[in-house]
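Below is one structure, written out as structure tokens, with a few remarks after it.
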Amino acid sequence: MKIIQISVFIENKPGRLSAVTDILAENDVNIRALSIADTSDFGILRLIVDKPELAYERLKEKGLTASMTNVLSVRMPDQPGGLANVLRVLNENEINVEYMYAFVSKATDDALVVFKVENIEDAEVKLKGTGINLLTKDEVYKL
Amino acid sequence: MENYWNQKYEVMEREELEALQLERLQKTVERCYHDVPHYRKKFQEAGIDPSDIQSLSDITKLPFTVKTDLRDNYPYGMFAVPMSDIVRIHSSSGTTGKPTVVGYNRHDLNVWSELMARSLVCAGAEKNDVIHNAYGYGLFTGGLGVHYGSEKLGASVIPISGGNSEKQVMIMQDYGSTVLCCTPSYALNLAEVMKEMNVAPTDLKLKVGIFGAEPWSDEMRNQIEKVLGIKALDIYGLSEIIGPGVGMECPYKKGLHIWEDHFLIEIVDPDTLEPMPEGEKGELVITSLTKEALPMIRYRTRDITTAHYEKCECGRTHVRIERVSGRSDDMLIIRGVNVFPSQIESALLNIGQVEPHYLIIVSREGNLDALEIQVEVNQELFTDDVKGLETLEKKIKHAIESTLGISVKVRLVEPKSLERSMGKAKRVLDLRKK
Ligand SMILES: [Zn+2]
């Protein structure tokens with residue numbers, strides 16, 4: 001249930017974010033989710049897109065520094081306690097979350113959250129049968 | 001058992017060597033004063049008479065010679081012998097303005113051949129070797145310098161010169177070349193071509209490479225040794241002094257032996273021109289001790305290095321200089337400390353496998369110089385983790401600060417955001433000069 005996230009190194013200055021989104025638009029790549037982690041000087045732009053390999057290649061061709069990272073995407077009811085429940089299950093299963101970000105989709109009323117966990121293979125096994133609803137690649141890319 | 005070309009001089013005790021140097025220095029100064037108007041004028045301006053040179057340390061009384069002195073006396077003004085005695089002329093390319101012209105009489109060519117033969121033996125070559133000489137033949141001193149030294153040694157020299165790499169590989173393979181002489185970057189180029197031609201290092205008889213004429217690094221040495229399966233050694237020389245063979249690294253790789261019976265070296269602060277304490281980095285200054293046609297007094301090479309005087313494991317007593325780490329023209333003075341871009345480069349090289357592009361920005365904050373190093377984050381350095389990147393930033397900062405001894409700011413920037421000029425990256429932006 002791993003999905004691919006694209007991470008891009010960007011400087012913290014005007015125009016850098018749109019430089020990335022322009023390249024994606026030119027190549028007909030759709031952004032499903034996006035988050036930025038930044039410091040005063042630089043940031044890491046994290047993207048879930050419908051064509052990750054293509055996006056990765058095109059960004060690199062344009063001289064940007066990018067990487068592909070495996071993450072988990074969890075679907076949860078969009079209601080109070082929805083996220084708390086998921087986090088509790090992760091915690092009980094000793095799955096360390098490095099970072100997470102939420103996104104919404106028109107296709108579903110559920111809330112969607114991307115998790116970067118420490119040991120993704122291990123996490124996948126542990127989450128089986130816990131009732132946590134992991135999205136497949138196809139589900140995410142076609143949202 | 002070490003092999004020497006001229007054991008008597010190469011292992012001469014320092015006391016005896018220095019006595020020889022003094023005697024030769026006095027003779028050189030005397031000849032310069034009498035035979036070269038440029039030197040006489042400079043000596044007189046400095047209030048120096050040849051008889052003032054009573055010890056080796058008296059050399060500091062003499063004026064320096066710089067490249068522009070040669071240009072100002074273009075083409076033959078600094079020759080100390082009549083043109084009828086000159087048997088060879090070489091010149092440097094001269095990227096700016098007129099080239100510099102150097103001349104040799106028969107004695108000088110003999111000395112040069114002797115020193116090149118010495119250098120070849122120092123690298124481990126002997127008369128049974130087949131020397132593949134891919135240095136350029138022509139006005140450049142590299143090709144002919146190695147050529148005459150190889151003949152003097154009695155080895156078989158292949159005067160292939162540069163270019164046509166596929167033919168070079170074929171000849172190395174078919175003719176059984178054992179010693180490769182070329183620039184380090186050309187050695188890597190030959191390795192690439194070998195790969196394309198499916199020629200393995202084991203298909204060749206190469207055992208050692210003698211590389212020079214351009215700056216290189218230990219990383220490059222390791223790479224050459226790996227891909228060619230040889231020992232890669234450094235040679236030093238410059239046409240103004242004599243050409244290749246001024247100094248040669250021995251297989252112990254503890255620096256390049258400068259042939260001190262023919263040259264007297266000093267390491268000076270490029271800014272104040274005062275002598276640097278032994279073991280400290282500074283500009284290499286060379287005085288020729290035996291050259292007749294074009295003697296050189298305190299020639300500022302602009303090359304930055306360090307000198308070590310302890311006897312080498314190879315038995316040679318001649319001083320060793322470290323591989324040239326930069327040019328004094330590139331030196332920056334930050335808060336009174338001499339900083340060379342090459343120092344920052346070598347600190348960065350230790351961070352990753354691939355050398356990242358960088359830009360040094362010097363500015364003034366109040367009365368203090370500030371140094372910022374911008375480093376391009378390439379694929380190799382990038383991690384999808386802010387903490388990881390901040391750790392990288394700290395690691396770079398620490399590496400540079402411990403090399404330079406002054407505090408710097410490090411900023412990670414996107415690839416290709418730093419200006420490239422003529423394919424080469426611009427390394428320094430000094431905002432103080434405005
Ligand atoms: Zn040695």
Side-chain angles (χ1 to χ4, degrees), chain A residues 2-20 22-23 33-49 52 55-72 96-101 114-120, chain B residues 344 348 351-363 365 370-401 407-426 429 431:
Chain A
K2 290 188 282 262
I3 58 171
I4 298 172
Q5 168 194 274
I6 306 289
S7 308
V8 191
F9 180 83
I10 50 171
E11 277 173 65
N12 215 342
K13 63 184 188 191
R16 298 315 302 154
L17 185 56
S18 65
V20 174
D22 283 351
I23 294 169
L34 172 155
S35 113
I36 300 177
D38 64 353
T39 70
S40 58
D41 289 344
F42 64 82
I44 300 171
L45 174 63
R46 297 179 177 128
L47 300 154
I48 305 291
V49 298
Y56 173 71
E57 287 308 323
R58 292 295 180 265
L59 289 168
K60 272 210 311 188
E61 272 167 29
K62 293 282 182 182
L64 286 141
T65 296
S67 68
M68 292 198 277
T69 313
N70 286 320
V71 292
L72 297 174
N96 271 331
V97 177
E98 290 178 8
Y99 57 79
M100 51 178 268
Y101 51 97
V114 171
F115 287 96
K116 169 71 170 39
V117 297
E118 227 168 57
N119 185 338
I120 195 161
Chain B
I344 290 163
L348 286 172
I351 300 292
Q353 296 291 311
V354 188
E355 181 201 330
H357 285 288
Y358 64 92
L359 178 68
I360 301 164
I361 300 174
V362 194
S363 57
E365 287 169 5
L371 193 58
E372 176 175 302
I373 319 292
Q374 297 193 345
V375 181
E376 288 187 359
V377 176
N378 55 31
Q379 292 294 134
E380 191 211 343
L381 295 177
F382 181 54
T383 54
D384 163 45
D385 164 18
V386 173
K387 222 184 271 164
L389 289 173
E390 283 175 335
T391 306
L392 171 72
E393 208 171 61
K394 279 196 200 106
K395 214 167 116 188
I396 295 173
K397 183 175 153 71
H398 179 77
I400 296 175
E401 286 181 346
S407 65
V408 300
K409 177 177 167 35
V410 170
R411 182 199 282 270
L412 299 179
V413 299
E414 287 172 33
K416 305 224 168 77
S417 57
L418 301 179
E419 191 188 324
R420 310 273 198 282
S421 53
M422 300 287 287
K424 265 192 164 183
K426 196 176 149 193
L429 187 61
L431 303 170

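These numbers come from a predicted model, not from an experiment. Naming: A, B, ... by sequence-line order, numbering from 1 per chain. The basis for the numbers below is simple: all heavy atoms, side chains too, and nothing from hydrogens, waters or symmetry mates.
- Here Glu118(A) pairs with nothing under the salt bridge (Lys or Arg N to Asp or Glu O under 4.0 Å) rule; sequence neighbours left out.
- Heavy atoms of Ser67(A) lying under 4.5 Å from chain B belong to its backbone as well as its side chain.
- For residues 388-396 of chain B, a heavy-atom distance under 4.5 Å to chain A picks out Leu389(B), Glu390(B), Glu393(B), given by residue number.
- The salt bridge (charged side-chain N to carboxylate O under 4.0 Å, His left out) pairs that include a residue from residues 60-71 of chain A are Arg58(A)-Glu61(A), where partners are two or more places apart or lie in different chains.
- Both the backbone and the side chain of Phe9(A) come within contact range of chain B, judged by heavy atoms closer than 4.5 Å.
- Side-chain contact check for Gln5(A) versus Asp384(B): some heavy-atom pair is nearer than 4.5 Å.
- Looking only at side-chain heavy atoms (C-beta outward), Leu64(A) and Phe382(B) stay at 4.5 Å or farther from each other.
- Contacts of Ile10(A) with chain B are made by both backbone and side-chain atoms, with heavy-atom separations under 4.5 Å.
- Contact annotation for Glu98(A): neither backbone nor side-chain heavy atoms come within less than 4.5 Å of a heavy atom of chain B.
- For the salt bridge (Lys or Arg N to Asp or Glu O under 4.0 Å) test, no residue two or more places apart in sequence or in another chain qualifies with Glu57(A).
- Side-chain atoms of Glu414(B) come within 3.5 Å of backbone atoms of Glu11(A) as a donor-acceptor pair (strictly under, hydrogens ignored).
- No other option in Ile44(A), Asp38(A), Thr65(A) has as many heavy-atom pairs under 4.5 Å with chain B as Thr65(A).
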